[in-house]
Asks: 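The structure that follows is given in the form of structure tokens.
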Amino acid sequence: LTPIGREYHHNISQAFLIIQNATMDIQKKQKQQLSVWCAPALAYTWLGQRLSEFQARYPHISFFLKPTDGSADFNFDTADVDIRYIRDDAKVQLPSTIRWFELDRPFMFPVASPSYLQDRQNDIHFTKDILDLSLLMEENGYMWKQWFLAQGINADDRLKGTYMWHAHVALSAARSGNGVALTSLHLVREDITQGTLLQVRPTIEHNKPARMGNYVFFISVRKWQNPVLKDFFTWLKSRMTDDIEAFPHLSLPSMPCQE
């Protein structure tokens with residue numbers, strides 16, 4: 001295509017996409033369907049396990065949960081809500097048509113399986129000793145680097161382990177005894193309860209509390225008028241608060257492990 005042809009194709013493609021999404025919006029309203037996009041780890045390990053509780057309030061509505069790395073574009077996508085973990089270093093610029101609300105600002109801490117820690121706990125005296133373990137990392141290891149910085153440790157060239165890309169994949173590997181994952185309470189509440197994962201705690205030094213981002217609820221200004229979506233936000237925030245209240249010790253510095 002010529003430059004003019006490419007520009008024309010781009011413009012009409014966007015127009016057709018708007019028409020398509022407007023049509024789907026009408027169909028969703030007729031079918032009473034709500035579409036929730038969500039960061040994969042939170043969708044797989046937390047929201048997917050709890051959504052039926054909220055659905056029970058609105059049995060006439062069908063919920064569509066889409067785990068996805070990509071944030072929703074409310075101008076073109078059919079998402080009603082988008083739930084993301086936004087790191088502190090992220091530069092997010094939103095149009096005036098989008099509203100956002102903080103769900104939680106969780107503490108991050110390292111976890112591993114009992115079998116992995118069994119022969120290693122006696123070698124973890126200080127936080128820096130965690131660097132000698134096999135770390136299960138997302139993407140480029142940024143979260144681990146930031147967590148160690150919060151401990152006063154520069155770990156830029158010292159991380160070793162396996163890159164798993166997604167948090168829920170790293171947690172699955174940790175459950176299988178393959179190393180140490182960094183997580184928030186929301187992603188491992190059931191694991192902590194059942195003992196399939198344990199907090200990694202040095203025997204002498206304590207890990208310092210570290211927060212590196214927020215779980216955020218994004219929604220278009222237009223759709224925020226929907227009382228079901230407002231109720232959904234309130235329910236999400238309440239359920240995350242329940243996690244924190246159930247495990248208050250995980251919202252404090254981890255105390256040294258007692259022998």
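Side chains are part of it too, since the values below use all heavy atoms of this structure and drop only hydrogens, waters and symmetry mates. Source: prediction; values computed, not measured. Position 1 is the first residue of the sequence; numbering continues from there.
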Asks: Is it the case that the side chain of Thr68 and the backbone of Gly70 share a donor-acceptor pair, with hydrogens and angles ignored and the cut-off at 3.5 Å?
Replies: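 Yes; judged by distance alone, with no hydrogens or angles, the pair exists.
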
Asks: Test side chain to side chain contact (heavy atoms under 4.5 Å, CB included) on Trp147 and Ile153 and set out the steps.
Replies: CA-CA 9 Å; Trp147 185 81; Ile153 300 169; over 6 Å; no

Asks: Pair Leu133, Ile124 - check side chain to side chain contact (heavy atoms under 4.5 Å, CB included), show working.
Replies: CA-CA 9 Å; Leu133 304 177; Ile124 310 172; 3.8 Å; yes

Asks: Could you tell me the separation between the CG atom of Leu135 and the CE atom of Met143, rounded to the nearest 0.5 Å?
Replies: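 Separation between the atoms: 13.5 Å.
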
Asks: A side-chain contact here means heavy atoms from C-beta on lying under 4.5 Å apart; do Gln55 and Ile61 qualify?
Replies: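 The answer is no, as the side chains (C-beta and beyond) never meet within the 4.5 Å cut-off.
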
Asks: With a 4.0 Å cut-off on N to O distance, would you call Lys237 and Glu102 a salt bridge?
Replies: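 No, no charged N to carboxylate O under 4.0 Å.
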
Asks: Using the rule that Ile, Leu, Val, Met, Phe, Trp and Tyr join whenever any side-chain heavy atoms are under 4.5 Å apart, tell me whether Phe64 and Phe54 fall into a single cluster.
Replies: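 No, no single cluster joins them.
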
Asks: Side chains of Asp132 and Asp123, heavy atoms from C-beta outward: is any pair under 4.5 Å?
Replies: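 A side-chain contact under 4.5 Å is absent here.
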
Asks: Quick one, Leu65 and Leu47 - any side-chain contact, counting heavy atoms below 4.5 Å?
Replies: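 Contact flag for Leu65/Leu47 side chains = yes.
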
Asks: Take Phe218 and Leu94 through the test side chain to side chain contact (heavy atoms under 4.5 Å, CB included) and record every step on the way to the result.
Replies: CA-CA 10 Å; Phe218 294 97; Leu94 296 173; 3.5 Å; yes

Asks: Indicate the atoms forming the closest heavy-atom contact of Asp82 with Ala72, along with that distance.
Replies: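 Smallest interatomic distance, heavy atoms only, reads OD2-N, 2.8 Å.
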
Asks: Would you say Val221 and Phe101 are hydrophobically clustered, going by side-chain heavy atoms of ILVMFWY under 4.5 Å?
Replies: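 Different clusters: Val221 never reaches Phe101 through Ile, Leu, Val, Met, Phe, Trp or Tyr contacts under 4.5 Å.
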
Asks: Can you check whether Arg239 reaches Arg50 side chain to side chain, under 4.5 Å on heavy atoms?
Replies: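 The answer is yes, as the side chains (C-beta and beyond) meet within the 4.5 Å cut-off.
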
Asks: Decide whether a cation-pi geometry holds between Arg120 and Tyr116; the criteria are a distance under 6.0 Å from NZ or CZ to the six-membered ring centre and an angle within 45° of the ring axis.
Replies: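 That pair qualifies as a cation-pi contact.
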
Asks: Would you confirm whether Trp144, through its side chain, and Ala181, through its main-chain N or O, come within 3.5 Å as a donor-acceptor pair?
Replies: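 Between the backbone of Ala181 and the side chain of Trp144 there is no qualifying donor-acceptor contact (under 3.5 Å).
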
Asks: State, without any angle test, whether Asp80 and Ser35 hold a side-chain donor-acceptor pair at a distance under 3.5 Å.
Replies: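 Note: Asp80 and Ser35 side chains miss the donor-acceptor criterion.
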
Asks: Does any non-hydrogen side-chain atom of Leu131 lie less than 4.5 Å from one of Leu159?
Replies: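 In contact.
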
Asks: Could you give the distance from CH2 (Trp37) to CZ (Arg84), rounded to the nearest 0.5 Å?
Replies: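 Taking CH2 in Trp37 and CZ in Arg84, the distance rounds to 8.0 Å.
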
Asks: If the plane angle is over 60° it's perpendicular, under 30° parallel, otherwise tilted; pick one for His186 and Tyr215.
Replies: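 Taking Tyr215 first and then His186, their aromatic rings stand perpendicular (interplane angle over 60°).
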
Asks: If two hydrophobic side chains count as joined below 4.5 Å and joins carry through other members, does Leu198 share a cluster with Val200?
Replies: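 Linked, Leu198 and Val200 end up in one cluster.
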
Asks: Looking only at heavy atoms, which two atoms of Ala150 and Ala210 are closest? And how far apart?
Replies: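 Nearest heavy atoms, Ala150 then Ala210: CB-CB, 3.7 Å.
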
Asks: Let's go through Leu171 and Thr183 carefully: what are the C-alpha distance in whole Å and the side-chain angles of both, what is the deciding distance for side chain to side chain contact (heavy atoms under 4.5 Å, CB included) to 0.1 Å, and is it a yes or a no?
Replies: CA-CA 8 Å; Leu171 288 171; Thr183 188; 3.9 Å; yes

Asks: Could you measure the distance from the CG atom of Asn207 to the CZ atom of Phe126? Nearest 0.5 Å is fine.
Replies: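 Going from CG on Asn207 over to CZ on Phe126, the span is 12.5 Å.
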
Asks: Between Ala167 and Ala41, which heavy-atom pair has the shortest distance, and what is it?
Replies: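 Of all heavy-atom pairs spanning Ala167 and Ala41, the closest is CB-CB, 3.6 Å.
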
Asks: Is there side-chain contact between Phe233 and Lys230, with at least one heavy-atom pair below 4.5 Å?
Replies: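 With C-beta onward as the side chain, the pair stays apart.
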
Asks: Check whether Val188 and Tyr44 end up in the same hydrophobic cluster, where Ile, Leu, Val, Met, Phe, Trp and Tyr are linked by side-chain heavy atoms less than 4.5 Å apart.
Replies: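 Per the 4.5 Å side-chain linkage, Val188 and Tyr44 are not co-clustered.
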
Asks: Please confirm whether Phe63 and Tyr58 have ring centers closer than 6.0 angstrom.
Replies: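 Between Tyr58 and Phe63, which both carry aromatic rings, the centre distance is not below 6.0 Å.
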
Asks: For the CG atom of Asp104 and the OG atom of Ser184, what is their distance to the nearest 0.5 Å?
Replies: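 Result: 8.0 Å between the selected atoms.
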
Asks: Return the minimal non-hydrogen interatomic distance between Val180 and Pro110, and the atom names on each side.
Replies: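 Of all heavy-atom pairs spanning Val180 and Pro110, the closest is CG1-CB, 3.7 Å.
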
Asks: Within the side chain of Thr196, is there an N or O that forms a donor-acceptor pair under 3.5 Å with the backbone of Ile192?
Replies: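 No; zero donor-acceptor contacts below 3.5 Å.
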
Asks: For residues Phe217 and Phe232, report the shortest heavy-atom separation together with the two atoms involved.
Replies: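 Looks like CE1-CD2, 3.9 Å.
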
Asks: Any ion pair linking Asp88 and Arg105 (charged N to carboxylate O, less than 4.0 Å)?
Replies: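 Salt bridge: yes.
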
Asks: Is there a donor-acceptor contact under 3.5 Å from the side chain of Gln151 to the main chain of Lys208?
Replies: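 Judged by distance alone, yes, a pair lies under 3.5 Å.
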
Asks: Is the cationic atom of Arg87 (NZ for Lys, CZ for Arg) positioned less than 6.0 Å from the six-membered ring centroid of Tyr142 and within 45 degrees of its normal?
Replies: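 Pair Arg87/Tyr142 counts as cation-pi.
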
Asks: Just checking, any donor-acceptor pair under 3.5 angstrom between side chains of Thr203 and His125?
Replies: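 Checked: Thr203/His125 side chains pair up, N/O donor to acceptor below 3.5 Å.
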
Asks: Can you hop from Met108 to Met164 via hydrophobic side chains spaced under 4.5 Å?
Replies: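 No, Met108 does not connect to Met164 through the hydrophobic network.
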
Asks: Does atom CH2 of Trp224 have more than 12 heavy-atom neighbours from other groups under 6.0 Å away?
Replies: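 Counting neighbours around CH2 of Trp224, more than 12 heavy atoms of other residues, nucleotides or ligands fall under 6.0 Å, so yes.
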
Asks: Do you know which two heavy atoms are closest between Gly141 and Tyr163, and how far apart they sit?
Replies: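 Closest heavy-atom pair between Gly141 and Tyr163: N-CE2, 3.7 Å.
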
Asks: Would you check if the side chain of Ser238 reaches a backbone N or O of Thr234 as a donor-acceptor pair within less than 3.5 Å?
Replies: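 A pair under 3.5 Å: no.
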
Asks: Could you tell me the separation between the CZ atom of Arg175 and the CG atom of Leu136, rounded to the nearest 0.5 Å?
Replies: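 Interatomic distance, Arg175 CZ to Leu136 CG, rounded to 0.5 Å: 11.5 Å.
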
Asks: What is the distance from atom CG of Asn226 to atom CG of Leu34, rounded to the nearest 0.5 Å?
Replies: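 So the CG of Asn226 and the CG of Leu34 are separated by 6.0 Å.
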
Asks: Taking the six-membered ring for Trp, are Trp46 and Trp235 parallel (under 30°), tilted (30 to 60°) or perpendicular (over 60°)?
Replies: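 Tilted: the ring planes of Trp46 and Trp235 meet at 30° to 60°.
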
Asks: Quick one: are Leu182 and Met212 in side-chain contact, heavy atoms under 4.5 Å?
Replies: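 They are in side-chain contact.
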
Asks: Taking the side chain as C-beta and beyond, is there a heavy-atom pair between Phe109 and Val111 under 4.5 Å?
Replies: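 Yes, side chains in contact.
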
Asks: For Asn154 and Asp156, indicate whether the former's side chain and the latter's backbone hold a donor-acceptor pair under 3.5 Å.
Replies: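 Pair found, side chain donor or acceptor close to backbone of Asp156.
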
Asks: Give a yes or no on whether the backbone of His168 and the side-chain of Glu138 come within a donor-acceptor separation of less than 3.5 Å.
Replies: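 Checking the backbone N and O of His168 against the side chain of Glu138, no donor-acceptor pair under 3.5 Å is found.
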
